Amino acid sequence: MNFKESLTGGLIFWFLNAYEESSLKKALSAFGGLVKESCIYGLMRKYVHSGAYVLDSGIVSVFNIILGLFAGLCDRAEGLIEGSLVFRLLRKITEHKEIFLYILISYPFTDLIIRKTAGILAGPWDELYFFGLLLILILDFIYNHKGRKYVVSPLNLPVIIFLAVMFGCYFVVSPDRTIGFEGMRAVCEYIFWFFLVLKLCDSDETGKRLCICLFLVIGIMAVHGIYQYIVAVPMPSSWVDHNEAGVRTRVYSILTSPNVLGSLFTLTIPIGAGLFLEEKNKAKKAFYAVVILCMLASLAFTFSRGAWMGFMAAVIIFVLFYDARLLVPVLALAVLAVFLVPEVGNRISYMLSADYIESSMNGGRLIRWIDGLSVWAYGKLTGVGLGHFGGAVAINHGMQYLVGYEYIDTFYMDNYYLKTMIETGVVGLFAFIFLMYQVFINSARAVKASAENKYLKIGIMSGLFGIIIHNLVENIFEVPLMSTEFWIFAAVLMSFWYRKAAGKSA
């Protein structure tokens, strides 16, 4: 008996035949035809699927006209103030704008130092720094505006769409406006680094040096993590399940979470691999290799299963774009590493055990996801409101929800996608998934744009993809450090794309 003659096959083919003859198919087909013939669909398709189109779009032309007018004003003003001491001082600052990007990329150390020394400014330092860099960008244009055009990328529109959806969710669903604004700020604020860094990263060499800066900063943290593992640094008991044996410590360097440290390694190791492959100098190549090995060891010592998962996703993407023939050997090496490092193997095997499932259903991820879905039932389309469940803002405000027959306190969802869906509904979830898809697809577009810095671009793309996957089991974008670094390097990668596309269209 073939499949079509079986009960299951018969039901499937019956449903297919019923759908083919239904009015539902006719209505959907008609609606789809109208959408595809619309002007908006045509513009969106060109913008999203034809990256270089953005350089010739109407809105970019308008921005270029505005920049041209502003450049004319700068020419007139320059003759009046170029001899002043302030003018010369500000010009010196803009000539060294790259240094300010290094400080930003060194976020883990910058944040630590500022929080220990800056007093009342420790909280808003990154917002103040953003406006400081924005001022430097404006000054840089004033002094170097000859021939400058508006810098744009095919990722700009998806980012703007996502921000617009978040603003819409805030205005439509916010049981408490103050909490809602804090929640919207936590989601949207760090994305604005993308637009700023896209314009400040004005050469391929600058982009490469920014990658090296991140590699060195995280490399120092990797060495520190290895030291913590050797001395068995103390850790909270909640970091390891009480039924789990064999993990004597989890490293976290100067951060407060091994999961965040692991996420930094997920982003940086592929970038380091790109730097290694691009480098011709043997001494530098050896240095990159040693630091990468330190990062791999420290990543293992975080014992963050979510970071391991994100890192493996990053490795797979890197290998597929570098040489797909290496995929099987690399996966075999990964499996071998699990057996060679017993603690890693035990942590992974425990995750597949009945004890883990039982523990996870008693205060762990699984019960949190189930309870979160119960809360989502209060507002499936547009959610319960930004900042109202599943993240730091909701926890700080002591939010509670009725689940079953009792009120539960909010908690970290350990899944940024679920958190987004609960707070902003399916509308916000689709917007976020669309944004992450666009980050990846436009990263691939940047890689394919040219052979220059190809391996470095593959590394950045792979690291970004690893973070996207890690968010499936952690609230990684809840951490300002991780959200900032993610959008900085999305901008660096798009800046590579822009210079190549602008050169072709010139």
Side-chain angles (χ1 to χ4, degrees), residues 51-52 54-55 60 63-64 67 70-71 74 90-106 129-130 132-156 192-217 267-268 270-272 274-281 284 288 442-443 445-461 463-464 484-506:
V54 300
L55 300 178
V60 173
F63 279 124
N64 281 326
L67 287 180
F70 185 47
C74 293
L90 291 176
R91 188 160 203 159
K92 279 290 182 185
I93 292 174
T94 59
E95 287 173 356
H96 297 88
K97 62 182 183 294
E98 204 171 298
I99 295 173
F100 297 96
L101 289 175
Y102 296 151
I103 294 172
L104 178 63
I105 286 171
S106 305
Y129 201 77
F130 177 89
L133 279 179
L134 180 60
L135 177 60
I136 288 175
L137 176 65
I138 295 170
L139 291 172
D140 182 55
F141 180 83
I142 291 173
Y143 301 139
N144 305 289
H145 55 267
K146 303 296 184 184
R148 290 276 283 272
K149 292 184 178 181
Y150 184 73
V151 181
V152 70
S153 82
L155 187 53
N156 286 43
F192 285 97
W193 286 115
F194 170 80
F195 297 105
L196 193 54
V197 175
L198 178 64
K199 293 166 178 58
L200 285 169
C201 183
D202 53 11
S203 73
D204 285 5
E205 280 303 310
T206 296
K208 186 174 181 179
R209 286 193 291 267
L210 295 180
C211 291
I212 292 172
C213 177
L214 177 74
F215 183 76
L216 294 176
V217 168
L267 173 65
T268 309
I271 293 175
L275 290 169
F276 172 84
L277 292 170
E278 296 284 355
E279 186 57 58
K280 300 296 187 281
N281 183 284
K284 290 182 180 179
Y288 288 138
N442 285 297
S443 296
R445 182 176 289 144
V447 170
K448 296 293 185 180
S450 71
E452 298 169 18
N453 297 302
K454 179 180 179 180
Y455 301 130
L456 181 57
K457 291 186 289 187
I458 291 174
I460 299 173
M461 174 187 65
L464 295 176
T484 298
E485 298 286 12
F486 180 91
W487 289 109
I488 285 174
F489 284 93
V492 169
L493 189 52
M494 286 298 98
S495 75
F496 282 118
W497 174 90
Y498 170 78
R499 281 183 291 276
K500 193 63 182 177
K504 285 181 179 178
S505 63

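Worth saying up front: this structure is predicted, and the values here are computed from it rather than measured.
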### Query
What are the two closest heavy atoms between Leu137 and Leu196, and how far apart are they?
CD2-CD1, 3.7 Å
### Task
Would you check if Leu200 and Phe100 make a side-chain contact, meaning some heavy-atom pair closer than 4.5 Å?
no
#### Entry: For Thr484, side-chain contact (heavy atoms from CB on, under 4.5 Å) partners two or more places apart
Leu104, Tyr107, Tyr190, Trp193, Ile488
### Message
Counting only heavy atoms not in Lys454 (residues, nucleotides, ligands), do more than 12 fall under 6.0 Å from its NZ?
### Response
no
### Separation between OG of Ser106 and CD of Glu485, rounded to the nearest 0.5 Å
8.0 Å
### Query
Taking all atoms of both residues into account, what is the closest heavy-atom pair of His96 and Lys92, and its distance?
ND1-O, 2.9 Å
### Query
Taking all non-hydrogen atoms of both residues, which atom of Met461 and which atom of Ser443 are closest, and how far apart?
CG-CB, 3.5 Å
### Atom pair CG/CG of Leu267 and Leu214 - distance to nearest 0.5 Å
5.5 Å
### Task
Kindly compute the distance separating CG (Leu493) from CZ (Phe496), expressed to the nearest 0.5 Å.
7.5 Å
### Query
Where do Glu278 and Tyr455 come nearest, in terms of heavy atoms and distance?
OE2-N, 2.8 Å
### Task
With sequence neighbours excluded, tell me which residues meet ring-ring contact (aromatic ring centres under 6.0 Å, His included) with Phe486.
Phe477
### Task
Looking only at non-hydrogen atoms, find the nearest pair between Met494 and Ala446 and report the distance.
CE-CB, 3.9 Å
### Task
Hey, could you give me the OG/CG distance between Ser450 and Asp204, rounded to the nearest 0.5 Å?
7.5 Å
### Message
For Phe489 and Cys211: C-alpha separation, side-chain torsions, deciding distance, then whether side-chain contact (heavy atoms from CB on, under 4.5 Å) applies.
### Response
CA-CA 8 Å; Phe489 284 93; Cys211 291; 3.9 Å; yes
### Query
Does Asn281 use its side chain to pair, donor to acceptor, with the backbone of Lys284 at less than 3.5 Å?
yes
### Task
Nearest 0.5 Å please: distance from the NZ atom of Lys500 over to the NZ atom of Lys457.
8.0 Å
### Message
Once side-chain contact (heavy atoms from CB on, under 4.5 Å) is applied, do any residues pair with Leu139, and if so which ones, sequence neighbours excluded?
### Response
Leu90, Thr94, Leu135, Ile142, Tyr143
### Query
Between Leu198 and Val151, which heavy-atom pair has the shortest distance, and what is it?
O-CG1, 3.7 Å
### Task
Kindly write out the residues that satisfy salt bridge (charged side-chain N to carboxylate O under 4.0 Å, His left out) with Lys97, not counting sequence neighbours, or none if the list is empty.
Asp140, Asp202
### Query
Quick one: does Ser153's side chain get under 4.5 Å of Asn442's, heavy atoms only?
no
### Task
Can you measure from CG (Leu456) to CD (Glu279) and round to the nearest 0.5 angstrom?
11.0 Å
### Query
side-chain contact (heavy atoms from CB on, under 4.5 Å) between Leu155 and Trp497: does it pass, once the steps are laid out?
CA-CA 11 Å; Leu155 187 53; Trp497 174 90; over 6 Å; no
### Task
Using side chain to side chain donor-acceptor pair (under 3.5 Å) as the criterion, list what pairs up with Glu98, not counting sequence neighbours.
Tyr102, Thr206, Arg209
### Task
Before giving the answer on side-chain contact (heavy atoms from CB on, under 4.5 Å), spell out for Phe194 and Asn156 the whole-Å C-alpha distance, their side-chain angles and the decisive distance to 0.1 Å.
CA-CA 9 Å; Phe194 170 80; Asn156 286 43; 3.6 Å; yes
### Partner set under ring-ring contact (aromatic ring centres under 6.0 Å, His included) for Tyr288, not counting sequence neighbours
Phe215
